[in-house]
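Because the structure is a prediction, the values reported are computed rather than measured.
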Amino acid sequence: QGLIVQSMPERDWWNAIDPAVVADKKGDGWMAFGSFWGGLKMVKLDASWTKIAEPQEWYSIAKRQIQLDENGNDLPQQIEAPFIYPKGDWYYLFVSWGLCCRGDDSTYHLVMGRSKTITGPYLDKNGVSMNKGGGSVFLKGNKRWPGLGHNSVYSFDGKDYTVLHAYESADKGLQKLKILEMTWDNEGWPHVDEADLDNFKGFLSP
């Protein structure tokens, strides 16, 4: 139904990709998005959920610490794909760190934080804001699945699941869809069992 957000080179220090929408406790819609340059953003949507609300409300919700290359130039922040999942009193923010789409060389992995308000600040398990480089590891890859990320979270029949993509080393590093059940600890943080990555045995592609 038309353009909602667009980033422009030389104008914006953020990238308008990887959107995900979520309702707050009042039923208002918000869209989180963004990748690399300038970190992840959030903007409030109007009642139709097809346009930015007026007056506009914009927030920064997650960044990574600036890293420099050997010449002292800023490197991309390697953060993308925000997804916010409301549960109980909290909003949980899941994001992907690292590089995707490189097969066995992928460094993609998932980190998380949470907030009592949808606009943040989202804090990790150590109380560090994700806007200041914080983020607790939710799931990392292993030798069989060297990179995984860009997840979402859903509830079915009273159980929570995360849906993500992962690169299978045994199949030339090709990308596979994974659905993993989540559990919650006594502190209210979600967990997945890394062993579940191997529950489905794929086949080699030709």
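- At least one donor-acceptor pair under 3.5 Å links the side chain of Arg102 to the backbone N or O of Cys100.
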Distance-only check: which donor-acceptor pairs under 3.5 Å involve side-chain atoms of residues 110-120, not counting sequence neighbours?
residue: Arg114; atom: NH1; partner: Glu187; partner atom: O; Å: 2.9
residue: Arg114; atom: NH1; partner: Gly188; partner atom: O; Å: 3.2
residue: Arg114; atom: NH2; partner: Glu187; partner atom: O; Å: 3.2
residue: Ser115; atom: OG; partner: Thr117; partner atom: N; Å: 3.1
residue: Ser115; atom: OG; partner: Thr117; partner atom: O; Å: 2.7
residue: Ser115; atom: OG; partner: Thr117; partner atom: OG1; Å: 3.4
residue: Ser115; atom: OG; partner: Pro121; partner atom: O; Å: 3.3
residue: Thr117; atom: OG1; partner: Gly120; partner atom: O; Å: 2.8

* With side-chain contact (heavy atoms from CB on, under 4.5 Å) as the test, would you mind laying out the steps for Gln78 and Leu99 before giving the verdict? => CA-CA 6 Å; Gln78 296 184 7; Leu99 298 171; 3.7 Å; yes
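- The shortest heavy-atom contact between Asp24 and Tyr91 is CA-OH, 3.4 Å.
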* Could you walk me through whether Glu181 and Tyr161 pass the side-chain hydrogen bond (donor to acceptor under 3.5 Å, both in side chains) check? -> CA-CA 4 Å; Glu181 185 176 342; Tyr161 299 87; 4.6 Å; no
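- Looking at heavy atoms from C-beta onward, Val163 lies out of side-chain contact with Lys178 at the 4.5 angstrom threshold.
- Under a cut-off of 6.0 angstrom, the local environment of NZ in Lys63 is sparse, with at most 12 non-hydrogen atoms contributed by other residues, nucleotides or ligands.
- If you take CH2 on Trp30 and CH2 on Trp49, they are separated by 11.5 Å, rounding to the nearest 0.5 Å.
- Taking 4.5 Å as the limit, some side-chain heavy atom of Tyr122 sits within range of a side-chain heavy atom of Ile84.
- By the criterion of side-chain heavy atoms lying less than 4.5 angstrom apart, applied directly or through intervening Ile, Leu, Val, Met, Phe, Trp or Tyr residues, Met8 is not grouped with Ile4; the two fall into different hydrophobic clusters.
- Looking at heavy atoms from C-beta onward, Thr50 lies out of side-chain contact with Leu45 at the 4.5 angstrom threshold.
- Side-chain contact between Leu40 and Trp14: absent, with no pair of heavy atoms (C-beta onward) separated by less than 4.5 Å.
- Not one N or O on the side chain of Asn151 forms a donor-acceptor pair closer than 3.5 Å with the backbone of Leu164.
- To the nearest 0.5 Å, atom NZ of residue Lys132 and atom CG of residue Asp124 are 12.0 Å apart.
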* **Residues Phe138, Val192; criterion side-chain contact (heavy atoms from CB on, under 4.5 Å); working and verdict** => CA-CA 8 Å; Phe138 174 58; Val192 292; 3.7 Å; yes
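- Phe36 has its side chain out of reach of Asn15: every pair of non-hydrogen atoms, C-beta onward, lies at least 4.5 Å apart.
- Pairing each heavy atom of Pro86 with each of Ala23, the nearest pair is CG-O, 4.2 Å.
- Ring-centre distance between His165 and Tyr108: below the 6.0 Å cut-off.
- Side-chain atoms of Thr107 do not come within 3.5 Å of backbone N or O of Gly98 as any donor-acceptor pair.
- Considering every non-hydrogen atom in both Leu93 and Ala62, the closest pair reads CD2-CB, 4.3 Å.
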* Could you please spell out the steps behind the side-chain hydrogen bond (donor to acceptor under 3.5 Å, both in side chains) verdict for Ser169 and Tyr167? => CA-CA 6 Å; Ser169 183; Tyr167 303 94; over 6 Å; no
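- Atom NZ of Lys25 sits in a crowded spot, with more than 12 heavy atoms from other residues, nucleotides or ligands closer than 6.0 Å.
- When every heavy atom of Trp97 is checked against every heavy atom of Gly134, the shortest pair comes out as CZ2-O, 3.7 Å.
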* Does the side-chain contact (heavy atoms from CB on, under 4.5 Å) test come out yes or no for Glu168 and Arg144, once each step is laid out? -> CA-CA 6 Å; Glu168 187 175 15; Arg144 297 174 302 282; over 6 Å; no
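- A heavy-atom distance below 4.5 Å is not found between the side chains of Leu139 and His109.
- The backbone N or O of Gly38 lies less than 3.5 Å from a partner atom in the side chain of Lys41, making a donor-acceptor pair.
- Hydrophobic clustering (ILVMFWY, side-chain heavy atoms < 4.5 Å, transitive): Ile179 and Trp184 are in one cluster.
- Side-chain contact between Met42 and Met31: absent, with no pair of heavy atoms (C-beta onward) separated by less than 4.5 Å.
- Taking all atoms of both residues into account, the shortest heavy-atom contact from Ile61 to Ala32 is CD1-CB, 4.0 Å.
- No more than 12 heavy atoms of other residues, nucleotides or ligands lie within 6.0 Å of NZ in Lys140, so this atom counts as exposed by the packing criterion.
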* **Check against side-chain hydrogen bond (donor to acceptor under 3.5 Å, both in side chains), Asp46 and Ser48** => CA-CA 5 Å; Asp46 72 359; Ser48 73; 2.7 Å; yes
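- The closest donor-acceptor contact from the side chain of Asp171 to the backbone of Leu174 lies at 3.5 Å or more, if one exists at all.
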* Take Ser60 and Asn131 through the test side-chain hydrogen bond (donor to acceptor under 3.5 Å, both in side chains) and record every step on the way to the result. => CA-CA 7 Å; Ser60 178; Asn131 247 337; 2.9 Å; yes
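- The structure places CD1 of Ile17 at 3.5 Å from OG of Ser35, a figure rounded to the nearest 0.5 Å.
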* Asked: Yes or no on ring pair (Phe, Tyr, Trp, His ring centres under 6.0 Å) for Tyr85 and Phe94, after CA distance, side-chain angles and deciding distance?
  -> CA-CA 8 Å; Tyr85 183 61; Phe94 299 87; 7.3 Å; no
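- Within the model, atoms CG of Leu3 and NZ of Lys51 stand 11.0 Å from one another, a figure rounded to the nearest 0.5 Å.
- Transitive grouping of hydrophobic side chains (ILVMFWY, heavy atoms separated by less than 4.5 Å) keeps Trp90 and Val128 in distinct clusters.
- The CG atom of Leu180 sits 14.5 Å away from the NE2 atom of His191 when rounded to the nearest 0.5 Å.
- Classified by interplanar angle (parallel below 30°, tilted 30° to 60°, perpendicular above 60°), the ring pair Phe33/Trp58 is perpendicular.
- In terms of hydrophobic clustering, with Ile, Leu, Val, Met, Phe, Trp and Tyr side chains grouped at heavy-atom distances under 4.5 Å, Phe156 and Phe83 are assigned to a common cluster.
- Here the closest non-hydrogen pair linking Ile52 and Gln56 is CG2-CG, 3.6 Å.
- Interatomic distance, NZ of Lys172 versus CD of Gln175, reported as 16.0 Å (0.5 Å rounding).
- One hydrophobic cluster holds both Met130 and Val22 under the rule that ILVMFWY side chains link at heavy-atom gaps under 4.5 Å.
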